[in-house]
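See structure below.
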Amino acid sequence: MENTKYVLVTGGAGFIGSHTCVELIESGYMPVIIDNLSNSKIESLARLKKITGVDIPFYQEDVRNREALDMILDKYPCVAAIHFAGYKAVGESVAKPIEYYQNNLGCTLTLCEALTAHNVKRVVFSSSATVYREGDEVPLKEEYELGCTNPYGWTKYMSEQMFRDLCVADKEWSAVLLRYFNPIGAHKSGIIGEEPNGIPNNLMPYVAKVANGELKELRVFGNDYDTVDGTGVRDYIHVVDLAKAHVLAIGYACENTGAVAINVGTGRGYSVLEVVAAFEKATGQAVPYAIVDRRPGDLAEVVASPEKASALLGFKAQYGIDDMCEDAWRFEHNLNK
Ligand code: WQD
């Protein structure tokens, strides 16, 4: 226990959280997971043990449970925290705004109180490209003025602001606000990956289920955008690259104070049809699709400027779209073996 570099990982049983726990262990840290399993499965822990050989300390608790956080932080002297826990479905947030504000902001507030009380004043926060305004020129830069179009995005914006204000009030605090673009793919082992509950909202898990025959065809939400082929363009980043960015961010948070927002993307956008073509080429699996109406709230193009991540974290995405497709398919295929 002594000299172990513990990192509290809220939502660590989830898609990005579990991949980050693997990279934390490989970099000499020991994650301690608190997760209420509202959007993840207990199987994640056994899968993580299979990959890492480690029994990661795990607490099935809500991050709004202050007593649980105090108990964990009393037991494990953490060097920092990574805050993933939160609801993340854009459409659902429009239908259930109060649940999203109560959960996502409540988790952030309680976490900040508990971390401060235990003198753990370094956090890496799971923010999102949804904090950028519609119509902003791509590639999106961190210094742009922010503005959201849905309650989910506002919870990320407001949580960022909480961390910024905390760093102003207490100069010992350090907060790295990672703005994710579109994380896809899976660990090379095929043991962990993206496993949304029910019918997937996001493109890649939906494509994978069409490829394995579980869903009939991909509905392409509009082909009349002002893009290379009319379909939506996004900056897809391999989830393992994203996980590695979190480990670099922990190092940065331990060496610096203050709040800093950093994009985590590749700087390269792909359209929906380009992703479909890449997936078919990488996996040999057909992905039938039909063009349908646009999805309300979708933007034409969302691509990151990756410059600040490179300058401050020394981060550069290593995996390309073929890896992302191959790895996503391996995980989906393993699920249905
Ligand atoms: C990607 C592209 C769709 C599904 C969302 C959240 C964002 C972040 C990532 C949390 C778009 C098209 C999709 C389908 C399709 N999550 N598409 N058919 O919307 O860029 O971002 O997930 O932080 O906050 O907003 O990702 O994968 O849903 O869509 O044509 O069945 O694929 O129109 O162009 P999105 P996505």
Side-chain angles (χ1 to χ4, degrees), residues 11 14-17 39-40 83-94 100 103-104 125-134 136 138 140 146-157 159-160 177-185 194 196 198-211 214-239 242 246 261 263-266 269-279 287-304 321 324-325 328:
F15 172 42
I16 303 167
N39 193 26
S40 52
H83 182 31
F84 292 107
Y87 298 154
K88 61 159 208 162
V90 170
E92 185 183 57
S93 79
V94 175
Y100 267 68
N103 184 66
N104 291 7
F125 173 59
S126 165
S127 189
S128 167
T130 37
V131 301
Y132 289 110
R133 291 178 310 177
E134 190 165 353
D136 273 346
V138 294
L140 296 168
L146 304 181
C148 307
T149 58
N150 57 76
Y152 162 76
W154 284 117
T155 69
K156 292 298 185 183
Y157 176 101
S159 288
E160 282 197 12
L177 313 170
L178 295 182
R179 292 176 182 164
Y180 307 164
F181 281 69
N182 287 63
I184 61 171
E194 190 170 9
I199 305 287
N201 290 310
N202 294 134
L203 179 65
M204 184 53 82
Y206 201 104
V207 163
K209 291 195 179 303
V210 169
E214 197 175 322
L215 294 170
K216 175 173 166 292
E217 66 180 7
L218 172 69
R219 297 159 306 157
V220 176
F221 296 141
N223 67 345
D224 57 352
Y225 289 101
D226 181 16
T227 63
V228 60
D229 57 19
T231 64
V233 170
R234 296 293 183 273
D235 185 331
Y236 297 97
I237 181 163
H238 198 295
V239 64
L242 180 59
H246 285 76
N263 289 337
V264 189
T266 66
Y270 285 92
S271 75
V272 176
L273 294 183
E274 286 172 330
V275 170
V276 168
F279 189 93
V287 180
Y289 67 85
I291 305 292
V292 300
D293 290 341
R294 291 183 176 191
R295 181 172 62 178
D298 271 357
L299 305 183
E301 195 155 358
V302 184
V303 175
I321 194 73
M324 295 179 216
C325 293

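Heavy-atom basis, side chains included; hydrogens, waters and symmetry copies ignored. Whatever order the structure lists ligands and atoms in, that order sets their numbers, starting from 1.
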request  = Quick one: look at Leu218 and ligand 1, take heavy-atom pairs under 4.0 Å, and tell me if it's side chain, backbone, both or neither.
outcome  = side chain
query = For ligand 1, which atoms sit closer than 4.0 Å to a heavy atom of Ser128?
reply = 23 (O), 24 (O)
request  = Heavy-atom contacts with Val220 under 4.0 Å: which atoms of ligand 1 show up? List them by number with element.
outcome  = 30 (O)
request  = With heavy atoms only and a cut-off of under 4.0 Å, state how Asn201 meets ligand 1: side chain, backbone, both or neither.
outcome  = backbone
ask   = Around atom OH of Tyr289, are there more than 12 heavy atoms of other residues, nucleotides or ligands at under 6.0 Å?
value = no
ask   = Taking the side chain as C-beta and beyond, is there a heavy-atom pair between Leu146 and Arg179 under 4.5 Å?
value = yes
query = Would you say the side chains of Thr231 and Asn223 form a donor-acceptor pair under 3.5 Å?
reply = no
Whether Tyr152 lies under 4.0 Å from ligand 1, heavy atom = yes
inquiry  = Tell me whether Tyr289 reaches ligand 1 (any heavy atom closer than 4.0 angstrom to a ligand atom).
reply    = no
ask   = So which protein heavy atom does atom 7 (C) of ligand 1 come closest to, and at what separation?
value = Thr130 CG2, 4.0 Å
task = Before signing off on this row, confirm whether Tyr206 and ligand 1 have an N or O atom pair separated by under 3.5 Å.
result = no
inquiry  = Does any part of the side chain of Ser126, heavy atoms only, come nearer than 4.5 Å to the side chain of Lys156, both counted from C-beta?
reply    = yes
ask   = Which protein non-hydrogen atom lies closest to atom 25 (O) of ligand 1, naming both residue and atom, and how far is it?
value = Val90 CG2, 3.2 Å
query = Is there a side-chain contact between Val302 and Tyr132 (heavy atoms, below 4.5 Å)?
reply = no
key: For ligand 1, the portion of Lys156 having any non-hydrogen atom under 4.0 Å away   = neither
request  = Could you tell me the residue and atom name of the protein heavy atom closest to atom 19 (O) of ligand 1, and the distance to it rounded to 0.1 Å?
outcome  = Arg295 NH2, 2.9 Å
Identity and separation of the nearest protein heavy atom to atom 36 (P) of ligand 1 = Asn202 ND2, 3.5 Å
inquiry  = Within the 4.0 Å heavy-atom shell around Asp298, which atoms of ligand 1 are there?
reply    = 3 (C), 33 (O)
ask   = Can you check whether Ala304's main-chain N or O pairs, donor with acceptor, with Asp235's side chain at less than 3.5 Å?
value = yes
query = How about Asn201 and Glu92: do any of their side-chain heavy atoms sit closer than 4.5 Å?
reply = no
query = Do Cys148 and Thr130 come close enough that some side-chain heavy atom pair is under 4.5 Å?
reply = no
inquiry  = Can you tell me which portion of Val272 lies within the under-4.0 Å heavy-atom range of ligand 1? Options are side chain, backbone, both, or neither.
reply    = side chain
key: Contact check, side chains of Pro200 and Leu215, non-hydrogen atoms, under 4.5 Å   = yes
request  = Say whether Ser127 and Glu160, considering side chains only, have a donor N or O and an acceptor N or O under 3.5 Å apart.
outcome  = yes
task = Can you figure out which of Arg219, Glu301, Lys88, Arg234 has its heavy atom closest to atom 20 (O) of ligand 1?
result = Arg234
query = If you measure from each non-hydrogen atom of Leu203 to ligand 1, which part falls under 4.0 Å: side chain, backbone, both or neither?
reply = both
Nearest-contact summary for atom 21 (O) of ligand 1 - protein heavy atom, Å = Asn182 ND2, 3.7 Å
key: Element-labelled atoms of ligand 1 that are located less than 4.0 Å from some non-hydrogen atom of Gly232   = 34 (O)
query = Side chains of Phe181 and Thr266: closer than 4.5 Å at any heavy-atom pair?
reply = no
message = Aromatic contact between Tyr87 and Tyr100, with the criterion being ring centroids under 6.0 Å apart: yes or no?
response = yes
request  = Check whether any side-chain heavy atom of Tyr236 lies under 4.5 Å from a side-chain heavy atom of Ile321, and answer yes or no.
outcome  = yes
note = Looking at Phe221, Tyr87, Tyr236, Phe181, the heavy atom closest to atom 31 (O) of ligand 1 belongs to Phe221
task = May I ask you to identify, for Tyr270, whether its side chain, its backbone, both or neither come under 4.0 Å of ligand 1 on a heavy-atom basis?
result = neither
request  = May I ask whether Val302 places a heavy atom under 4.0 Å from ligand 1?
outcome  = no
